[in-house]
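Before any comments, here is the structure.
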2 protein chains.
Amino acid sequence: MLDEKSQAIPRDCGDCPIRHRAVCARCEADELESLDQIKYYRSFEAGQTVIWAGDKMEFVGSVVTGIATLTQTMEDGRTQMVGLLLPSDFVGRPGRDEAAYDVVATSDVVMCCFRKKPFEDLMGRTPHIAQRLLEMTLDELDAAREWMLVLGRKTAREKIASLLSIIARRDASLKLTKPAGPMVFDLPLTREAMADYLGLTLETVSRQISALKKDGVIQLEGKRHITVPDFDRLLDEAGDDSDGGMLA
Amino acid sequence: MLDEKSQAIPRDCGDCPIRHRAVCARCEADELESLDQIKYYRSFEAGQTVIWAGDKMEFVGSVVTGIATLTQTMEDGRTQMVGLLLPSDFVGRPGRDEAAYDVVATSDVVMCCFRKKPFEDLMGRTPHIAQRLLEMTLDELDAAREWMLVLGRKTAREKIASLLSIIARRDASLKLTKPAGPMVFDLPLTREAMADYLGLTLETVSRQISALKKDGVIQLEGKRHITVPDFDRLLDEAGDDSDGGMLA
DNA sequence: CGGCCTCCTTGATGCAGATCAAAATAACAG
DNA sequence: CTGTTATTTTGATCTGCATCAAGGAGGCCG
């Protein structure tokens, strides 16, 4: 698994798959140049921990490819996932030294990193970066608050449906699928990771997925490959307002 | 209750109780002057809704005095509080037209408001405002994520203890209490509001408060006045790491 | 092929917290 | 002082999900 390190690492920012979504999205050519000079890439294998909570953080950065998770753990081992990091998502917090959460690569991950200090300095001089980071942070705050409703008030079945609809929606926006027809995607998470996200046990996750399958809300091939024949039906099961805020 | 509208509204920003904590905290005299020119105050009575989710937001602003809540409601009436707004907290999101959550005044509230458009323009020209807003948003994101752990993984008793310790800590930081000795404060929330925050029913909230009282973790006079004889004990009940991240 | 992982499913049972119900307390108007 | 309403407490019962316990199913390596 180690020989073929063929994760396509972009040579320069112009080719970067997250050029227009990441923290650099608003940058002009000269600003991009400044960022380019302090950036470096790092790869992580599936399962590897990127940062441990409490560790000193010497870099911040963006997920370029792959999926990582943000989790919090109590002393007795109870675990709650507090964020799912997808390509273009930002890791780290300017102005803080220690990581607040564990960051774990769920799949193989490539990150575009900046040493923290130079990045902070550059951010001070480059409003386009700070503006974009504010915008991204506000989006994350909204996502976190939406998740609070899921965790606090939804049933197990609704929680699963909510998670599936979020993954399905994101996947569609990435692949620019035609809005009609069934949605097909692969679960990027194990049952255990889903449980940690949803505040459930993995057994309950498994049971509810089986139930949604039995009821025809989803179909699955193998353990991970999912087909959603009717997305509105899924949203309904999630207890969401049926319009379901379409983001650009 | 209406005759005596004696909520101390500051005449100018220099006297403002939240001058050094709110979105204007970093502003220089000239920047403050610009803000001053577009600001206006609004008062809300306890129980009044400041903004309805989905409404067009024509202003943003800061809570000056009083307490408000941010809540989300499902069609069937299930409610989740997603934020507690204290003096200096910011309401509204630059770059968005519609409110995402209901904002309700829990006590009488005074807000320092800015019409959205002029504020956005000013923010574009004033990095100190944008920087401060980013900082505050990152803090809120951390708080939201901490709350996800509470909602997803803590028991009812731990949830109550977590809420009490947050309120106690905030209250202490406001009153600059000596760190030693018992902490005394008033609950700013009804049992129902606490339940909405914690993802519980009000009956469970009541029972757990009674249990914490019986076990000597807290004392209460009347329904709202609370004494915490041993704060570490309370933190322990909350399941938090005993150090409990002291913020400046 | 067979042993041994990891990941997932399914079943049986128990319990924390929800739900249903009623009564105690407090604030307030008349 | 008395009825009224909002808030809280407490009790009885129910239930959704956790917990405990066994197997499957697939991938990998010898």
Side-chain angles (χ1 to χ4, degrees), chain A residues 1-3 45-47 74 76-80 104 106-107 150-164 186-214 218-226 237 239, chain B residues 1-2 45-47 74 76-80 104 106-107 150-164 186-215 218-226 237 239:
Chain A
M1 192 206 263
L2 263 168
D3 359 326
E45 288 171 56
M74 295 171 67
D76 63 5
R78 279 176 284 176
T79 287
Q80 176 66 51
V104 179
T106 284
S107 64
V150 172
L151 290 173
R153 293 301 188 191
K154 291 194 178 179
T155 65
R157 170 183 265 242
E158 288 169 334
K159 285 178 173 181
I160 298 288
S162 297
L163 179 57
L164 293 179
D186 283 299
L187 276 179
L189 300 173
T190 65
R191 299 289 186 264
E192 188 180 20
M194 293 174 69
D196 284 344
Y197 205 178
L198 296 167
L200 298 171
T201 59
L202 69 89
E203 293 96 327
T204 298
V205 170
S206 182
R207 272 185 250 273
Q208 295 298 335
I209 289 182
S210 298
L212 288 174
K213 177 183 167 191
K214 185 164 69 64
I218 59 171
Q219 293 147 22
L220 70 162
E221 284 168 79
K223 278 94 170 53
R224 298 292 194 90
H225 192 76
I226 295 209
E237 292 285 354
Chain B
M1 190 205 263
L2 263 167
E45 288 170 56
M74 295 171 67
D76 62 6
R78 279 177 284 175
T79 288
Q80 177 66 51
V104 179
T106 283
S107 64
V150 172
L151 290 173
R153 293 302 188 191
K154 290 195 177 179
T155 65
R157 171 183 264 242
E158 288 170 333
K159 286 178 174 182
I160 299 288
S162 298
L163 179 58
L164 292 179
D186 283 298
L187 277 178
L189 301 173
T190 65
R191 300 287 185 266
E192 188 179 20
M194 295 175 68
D196 284 343
Y197 206 177
L198 296 166
L200 296 172
T201 60
L202 68 89
E203 293 96 327
T204 298
V205 169
S206 181
R207 272 185 250 274
Q208 295 298 335
I209 288 182
S210 298
L212 288 174
K213 177 184 170 190
K214 185 164 69 64
D215 297 345
I218 60 171
Q219 292 146 22
L220 68 163
E221 285 168 79
K223 277 96 171 50
R224 298 292 194 89
H225 193 74
I226 294 208
E237 292 285 356

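None of these values were measured; they are calculated from a predicted model. Here is how names work: the chains are called A, B, and so on, in the same order as the sequence lines, proteins then strands, and each is numbered from 1.
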> Around atom CD of A:Glu192, are there more than 12 heavy atoms of other residues, nucleotides or ligands at under 6.0 Å?
Replying inline: no
> First contact, last contact: which nucleotides of DNA chain D are these for chain B, 5' to 3', heavy-atom distance under 4.0 Å?
Replying inline: D:dT8 to D:dA12
>> Applying a 4.0 Å non-hydrogen cut-off, can you work out what B:Gly199 is touching in the nucleic acid: base, sugar-phosphate, or nothing?
In response: sugar-phosphate
>> What verdict does the side chain to side chain contact (heavy atoms under 4.5 Å, CB included) test give for A:Leu212 and A:Leu164, after you've listed the backbone C-alpha separation in whole Å, the side-chain angles of each residue and the deciding distance to 0.1 Å?
In response: CA-CA 11 Å; A:Leu212 288 174; A:Leu164 293 179; 4.2 Å; yes
>> One pair to check against side chain to side chain contact (heavy atoms under 4.5 Å, CB included): B:Ile226 and B:Gln219. What are the steps and the verdict?
In response: CA-CA 6 Å; B:Ile226 294 208; B:Gln219 292 146 22; over 6 Å; no
>> Any non-hydrogen side-chain atom of B:Leu200 less than 4.5 Å from a side-chain atom of B:Met194?
In response: no
>> Does A:Leu189 form a side chain to side chain contact (heavy atoms under 4.5 Å, CB included) with A:Asp196? I'd like the steps, not just the answer.
In response: CA-CA 10 Å; A:Leu189 300 173; A:Asp196 284 344; over 6 Å; no
> Taking protein heavy atoms under 4.0 Å as touching, what does nucleotides 7-16 of chain C look like 5' to 3' if B marks base contact, S marks sugar-phosphate-only contact and - marks none?
Replying inline: -SBBBB----
>> Please check this pair: side chain of B:Arg191 against backbone of B:Thr201, looking for a donor-acceptor N/O pair closer than 3.5 Å.
In response: no
> Any sub-3.5 Å donor-acceptor pair from B:Lys159's side-chain atoms to B:Leu198's backbone N or O?
Replying inline: yes
> In whole Å, what is the span from the CG atom of B:Leu198 to the P atom of C:dG17?
Replying inline: 12 Å
>> Salt bridge or not between B:Glu158 and A:Arg78? Use side-chain N to carboxylate O under 4.0 Å.
In response: yes
